[in-house]
Colleague: 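Have a look at the structure that comes next, please.
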Amino acid sequence: DFVRSGAPEGHDAAWRQRHEQLELEAPQAALVRSFTREMNVLCLTGTWCGDCALQGAAMQRIAEANPERIRLRFLGRQDHADLQVRVPINGGFRVPVTFFLAEDFEPVARFGDRTLSRYRSMARKALGDASNVLAPAPGDPVRAVLGEVLEEFERVHLLLRLSTRLRQRHED
């Protein structure tokens, strides 16, 4: 529904294209299916934003791999300015900003705005040799972002899995 909301302006095409490009590889899908803790994921985003389309499509693919444990929702920044003003990043209102919540909606983590590989790429372009970026450029920048988003989901899952509070609740 969220992606369709951008269709009148033509903003849905980038989201759909990224979704097609970002099918999880078998080991990635197996990892996500192995998650045992429920997580609620709320992404404050925009249909017009290229980084949002990339990260949003990656999140959607991850959520599709384990819909029993991952509940993903997208909120349009323009419709939720009250939330946007509460989460500035570096003094600005950036998107996407993703909130990870436990099964009982207890806040767990916040992730935003661009991934490290995207910032490295931007630094190389904007600063050239002065960027001091030592990591090599990824062979496939789109899949690199998928990997980084997946790592954040895994990190949050492990945080939830090791939580004393949740281990007591689930007696594990």
Side-chain angles (χ1 to χ4, degrees), residues 2-3 6 11-35 37 39-66 69-77 80 83-84 86-101 107-161:
F2 175 75
V3 173
H11 297 156
D12 60 328
W15 285 72
R16 293 182 196 292
Q17 176 189 11
R18 293 303 190 199
H19 187 264
E20 288 298 316
Q21 291 175 304
L22 292 174
E23 188 169 340
L24 295 179
E25 295 174 358
Q28 294 172 319
L31 170 67
V32 175
R33 283 193 305 272
S34 77
F35 291 0
R37 290 285 191 253
M39 68 175 78
N40 295 290
V41 183
L42 183 64
C43 183
L44 188 61
T45 188
T47 59
W48 43 266
C49 169
D51 287 303
C52 299
L54 180 51
Q55 286 186 44
M59 287 183 228
Q60 183 65 40
R61 284 296 192 180
I62 292 165
E64 289 168 359
N66 194 341
R69 300 282 186 243
I70 301 171
R71 289 184 295 278
L72 172 65
R73 300 289 179 268
F74 295 106
L75 295 177
R77 178 179 87 168
H80 297 278
L83 180 56
Q84 181 75 60
R86 293 180 180 199
V87 292
I89 295 175
N90 196 25
F93 302 126
R94 300 179 184 269
V95 288
V97 177
T98 303
F99 303 92
F100 291 88
L101 309 161
V108 176
R110 182 171 64 172
F111 182 65
D113 63 334
R114 293 180 176 101
T115 65
L116 180 57
S117 67
R118 289 286 298 128
Y119 272 113
R120 284 176 175 155
S121 176
M122 292 170 64
R124 282 186 193 98
K125 289 176 186 170
L127 305 173
D129 292 338
S131 71
N132 297 324
V133 174
L134 300 179
D140 185 340
V142 171
R143 292 207 61 85
V145 169
L146 172 63
E148 290 171 300
V149 172
L150 179 56
E151 285 177 348
E152 185 63 14
F153 272 76
E154 180 184 12
R155 186 185 79 81
V156 169
H157 177 258
L158 291 172
L159 194 159
L160 293 169
R161 185 65 183 88

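Each residue takes its place number in the sequence, starting with 1. Hydrogens, waters and symmetry mates play no part in the numbers below; they use all other heavy atoms, side chains included.
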Colleague: Taking side chain as C-beta onward, heavy atoms only, is I62 less than 4.5 Å from L150?
Modeller: yes
Colleague: The criterion is side chain to side chain contact (heavy atoms under 4.5 Å, CB included); which residues satisfy it with L101, sequence neighbours excluded?
Modeller: N40, F105, P107
Colleague: Checking Q84 side chain against R94 main chain: does a donor-acceptor pair fall under 3.5 Å?
Modeller: yes
Colleague: If a pair satisfies salt bridge (Lys or Arg N to Asp or Glu O under 4.0 Å) and one of its residues is in residues 42-54, list it, with sequence neighbours excluded.
Modeller: D51-R114, D51-R118
Colleague: Kindly state each residue pair satisfying salt bridge (Lys or Arg N to Asp or Glu O under 4.0 Å) with at least one member in residues 130-151, sequence neighbours excluded.
Modeller: E25-R143
Colleague: Provide the closest heavy-atom pair for A144 versus P138 in the form atom of the first, atom of the second, distance.
Modeller: CB-CB, 3.8 Å
Colleague: Run the salt bridge (charged side-chain N to carboxylate O under 4.0 Å, His left out) test against R33 and tell me which residues pass, sequence neighbours left out.
Modeller: none
Colleague: Evaluate the side-chain proximity of E152 to Q55: yes if any heavy-atom separation is below 4.5 Å, no if none is.
Modeller: no
Colleague: Go through the steps for M39 and V156 under the test side-chain contact (heavy atoms from CB on, under 4.5 Å), then give the verdict.
Modeller: CA-CA 8 Å; M39 68 175 78; V156 169; 4.2 Å; yes
Colleague: Tell me the closest heavy-atom pair linking S131 and A123, and the distance in Å.
Modeller: CB-O, 3.4 Å
Colleague: CZ of R110 to CG of L42: how many Å apart, nearest 0.5 Å?
Modeller: 12.5 Å
Colleague: Check C52 against G46 and note the closest heavy-atom contact, atom names and distance.
Modeller: CB-O, 3.5 Å
Colleague: How long is the span from the CZ atom in R155 to the CG atom in L160, to the nearest 0.5 Å?
Modeller: 10.0 Å
Colleague: Looking at every heavy atom in both I89 and D113, which two are closest together, and how far apart are they?
Modeller: CD1-N, 3.9 Å
Colleague: Just jot down the ring pair (Phe, Tyr, Trp, His ring centres under 6.0 Å) partners of F74, sequence neighbours excluded, or say none.
Modeller: F2, W15
Colleague: Report the distance from atom CG of D12 to atom CD of Q17, rounding to the nearest 0.5 Å.
Modeller: 11.5 Å
Colleague: To the nearest 0.5 angstrom, please state how far the OG1 atom of T98 sits from the CG atom of L72.
Modeller: 8.0 Å
Colleague: Using 0.5 Å steps for rounding, measure from the CD atom of Q28 to the CG atom of L146.
Modeller: 5.0 Å
Colleague: Please list, chain by chain and in numerical order, all residues satisfying side-chain hydrogen bond (donor to acceptor under 3.5 Å, both in side chains) with R77, sequence neighbours excluded.
Modeller: none
Colleague: Does any part of the side chain of L83, heavy atoms only, come nearer than 4.5 Å to the side chain of F99, both counted from C-beta?
Modeller: yes
Colleague: Name the residue from F35, F111, F100 that meets the ring pair (Phe, Tyr, Trp, His ring centres under 6.0 Å) definition with F153.
Modeller: F100
Colleague: Mind listing the closest non-hydrogen atom pair of T47 and G6 along with its distance?
Modeller: OG1-CA, 3.6 Å
Colleague: Taking all atoms of both residues into account, what is the closest heavy-atom pair of A58 and L22, and its distance?
Modeller: N-CD1, 3.7 Å
Colleague: Can you measure from CZ (R69) to CZ (R37) and round to the nearest 0.5 angstrom?
Modeller: 9.0 Å
Colleague: Quick check against the 3.5 Å criterion: does R18 have a side-chain atom that pairs as donor or acceptor with the backbone of A57?
Modeller: no
